Amino acid sequence: MVSLKNITMRYPTGNVALKDVSLDIKKGEFVFLIGPSGAGKSTLIRLLTKEINPTAGVLTVNGKNLTKLHKRRIPKYRRQIGIVFQDYKLLEKLNAYDNIAFALDVLGKKGRYIRRHVPLLLNLVGLAGKGKQMPLQLSGGEQQRVSIARAVAGNPDILICDEPTGNLDPETSWGLMDLLEKLNTYGTTIIMATHSRDIVDVMKKRVIELEDGVVIRDEVHGGYR
Ligand code: ADP
């Protein structure tokens, strides 16, 4: 589903963020991406979302060679993956319902479909009845749930999460991990960059550890160490 073959990423500044990285992630996996600051985690995520292109190597997602994907096709590709950020990135002037509705609208869904699906998505992330709340009236955990609902609105095969619990307290983070685990059991592949030792240790998922742009560990049921 995700395949990196000898991926090297050198920024124009000369910084080499990934060095000859090869790895495969299969459909339905739950993968933690860990490593100290500067290890290359965000770079890997930005390659997967095709914000940047590798200097060398072949990157395939869902059978598509991203290195060869035409610029014109990037929006369509991005609609097939879900992305969750540390800072939620909700539209502040829209309430929770409309943030999700907007995502469905962008996907080309019709009004009737949207009216039927937004409540289902709110329910899925545990926010039934909170649709009218504006983002700033919601707690951090609730805002992140809205952003997850938005990310999975198009039923993506892959959900990419960049430090999704980075701004949340531990208890709220665990609630969020339960939600991600639930989505994973429904079949969504989850790739999550994190610094949270506790979460990685308790969840016992696949751990890919980067250091200085190199994979130094890849364990099926790993911990943080
Ligand atoms: P992490 O997410 O693990 O903290 P990054 O992928 O952000 O790591 O960074 C990896 C390396 O790439 C670092 O040395 C960083 O300085 C460098 N880097 C990241 N983004 C850029 C950029 N836009 N331009 C130049 N160098 C960058």
Side-chain angles (χ1 to χ4, degrees), residues 1-25 29-61 65-67 69 71 74-75 77-78 81-90 140 143-144 147-148 151 156 158-170 173 176-177 180 184 188-225:
M1 154 146 297
V2 174
S3 154
L4 282 79
K5 287 208 170 63
N6 308 107
I7 290 289
T8 292
M9 178 65 211
R10 178 192 301 271
Y11 285 102
T13 51
N15 283 345
V16 184
L18 294 174
K19 298 171 193 159
D20 199 24
V21 170
S22 294
L23 57 90
D24 283 297
I25 295 171
E29 279 199 88
F30 193 128
V31 179
F32 286 120
L33 209 54
I34 69 168
S37 265
K41 305 180 296 294
S42 307
T43 298
L44 179 48
I45 283 180
R46 293 171 65 211
L47 286 167
L48 293 175
T49 58
K50 202 164 162 72
E51 270 175 74
I52 53 175
N53 292 310
T55 320
V58 179
L59 174 58
T60 316
V61 178
N65 182 343
L66 284 202
T67 15
L69 191 69
K71 244 194 184 136
I74 296 176
Y77 165 71
R78 291 224 181 100
I81 54 176
I83 311 171
V84 174
F85 303 95
Q86 178 171 355
D87 58 355
Y88 328 130
K89 297 203 193 299
L90 297 176
Q143 291 183 61
Q144 193 58 298
S147 99
I148 291 174
I158 308 176
L159 187 62
I160 296 170
C161 308
D162 195 356
E163 295 253 14
T165 62
N167 288 335
L168 304 177
D169 60 68
S173 300
L176 209 79
M177 293 316 297
L180 291 179
N184 181 239
T188 312
T189 305
I190 311 250
I191 301 174
M192 169 172 162
T194 185
H195 279 123
S196 172
R197 171 180 300 274
D198 286 352
I199 287 174
V200 174
D201 280 342
V202 170
M203 304 267 303
K204 298 201 169 47
K205 303 292 187 190
R206 180 172 170 193
V207 173
I208 297 176
E209 182 172 358
L210 288 167
E211 196 177 290
D212 280 337
V214 175
V215 175
I216 58 162
R217 180 160 66 101
D218 188 348
E219 259 186 298
V220 183
H221 301 291
Y224 199 92
R225 285 203 198 145

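What you see below is based on every heavy atom in this structure, not just the backbone, and it leaves out hydrogens, waters and symmetry mates. Remember, it's 1-based here, ligands and their atoms both numbered in the order they're listed. This one's a predicted model, so the numbers in the text were calculated from it and none came from an experiment.
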Heteroatom distance test (A17, ligand 1): nitrogen or oxygen, under 3.5 angstrom: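 Between A17 and ligand 1 (N or O atoms, distance only) the closest approach is not under 3.5 Å.
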
Side-chain contact test, heavy atoms from C-beta onward, threshold under 4.5 Å: evaluate it for I25 versus R206 and give yes or no.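 Side-chain contact under 4.5 Å: yes.
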
Under 4.5 Å between any side-chain heavy atoms of L47 and K50, yes or no?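 Not touching, per the 4.5 Å side-chain cut-off.
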
Going by atom type alone, with no hydrogens or angles, which donor-acceptor pairs under 3.5 Å involve a side-chain atom of residues 5-12 and a protein atom two or more places apart or on another chain?
{"unit_1": "K5", "atom_1": "NZ", "unit_2": "S3", "atom_2": "OG", "d": "3.4"}
{"unit_1": "N6", "atom_1": "ND2", "unit_2": "D20", "atom_2": "OD1", "d": "2.9"}
{"unit_1": "T8", "atom_1": "OG1", "unit_2": "D20", "atom_2": "N", "d": "3.0"}
{"unit_1": "Y11", "atom_1": "OH", "unit_2": "T43", "atom_2": "OG1", "d": "2.8"}
{"unit_1": "Y11", "atom_1": "OH", "unit_2": "R46", "atom_2": "NH1", "d": "3.0"}

What atoms of ligand 1 come closer than 4.0 angstrom to any heavy atom of [X]?
X	value
S37	4 (O)
A39	1 (P), 3 (O), 8 (O)
P36	3 (O)

With salt bridge (charged side-chain N to carboxylate O under 4.0 Å, His left out) as the rule and sequence neighbours excluded, what pairs involving residues 188-205 come up? E181-K205

For ligand 1, is G213 a contact, meaning one of its heavy atoms is under 4.0 Å away? no

Do any heavy atoms of G40 fall under 4.0 Å from ligand 1?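 Within the 4.0 Å threshold, so yes.
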
Winner among S42, A193, G14 once heavy atoms are compared against atom 2 (O) of ligand 1: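 Ranked by closest heavy atom to atom 2 (O) of ligand 1, first place is S42.
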
Nearest protein heavy atom to [atom], by residue and atom, and its distance?
atom	value
atom 25 (C) of ligand 1	T13 OG1, 3.1 Å
atom 27 (C) of ligand 1	Y11 CD1, 3.2 Å
atom 5 (P) of ligand 1	T43 OG1, 3.7 Å
atom 13 (C) of ligand 1	G38 O, 3.8 Å
atom 15 (C) of ligand 1	N15 ND2, 4.2 Å

Exercise: identify the closest heavy-atom pair between S42 and D162: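 Taking S42 first and D162 second, the nearest heavy atoms are OG-OD2, 4.2 Å.
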
First locate atom CG of L66, then atom CD1 of I74, and finally report the distance between them rounded to the nearest 0.5 Å. 9.0 Å

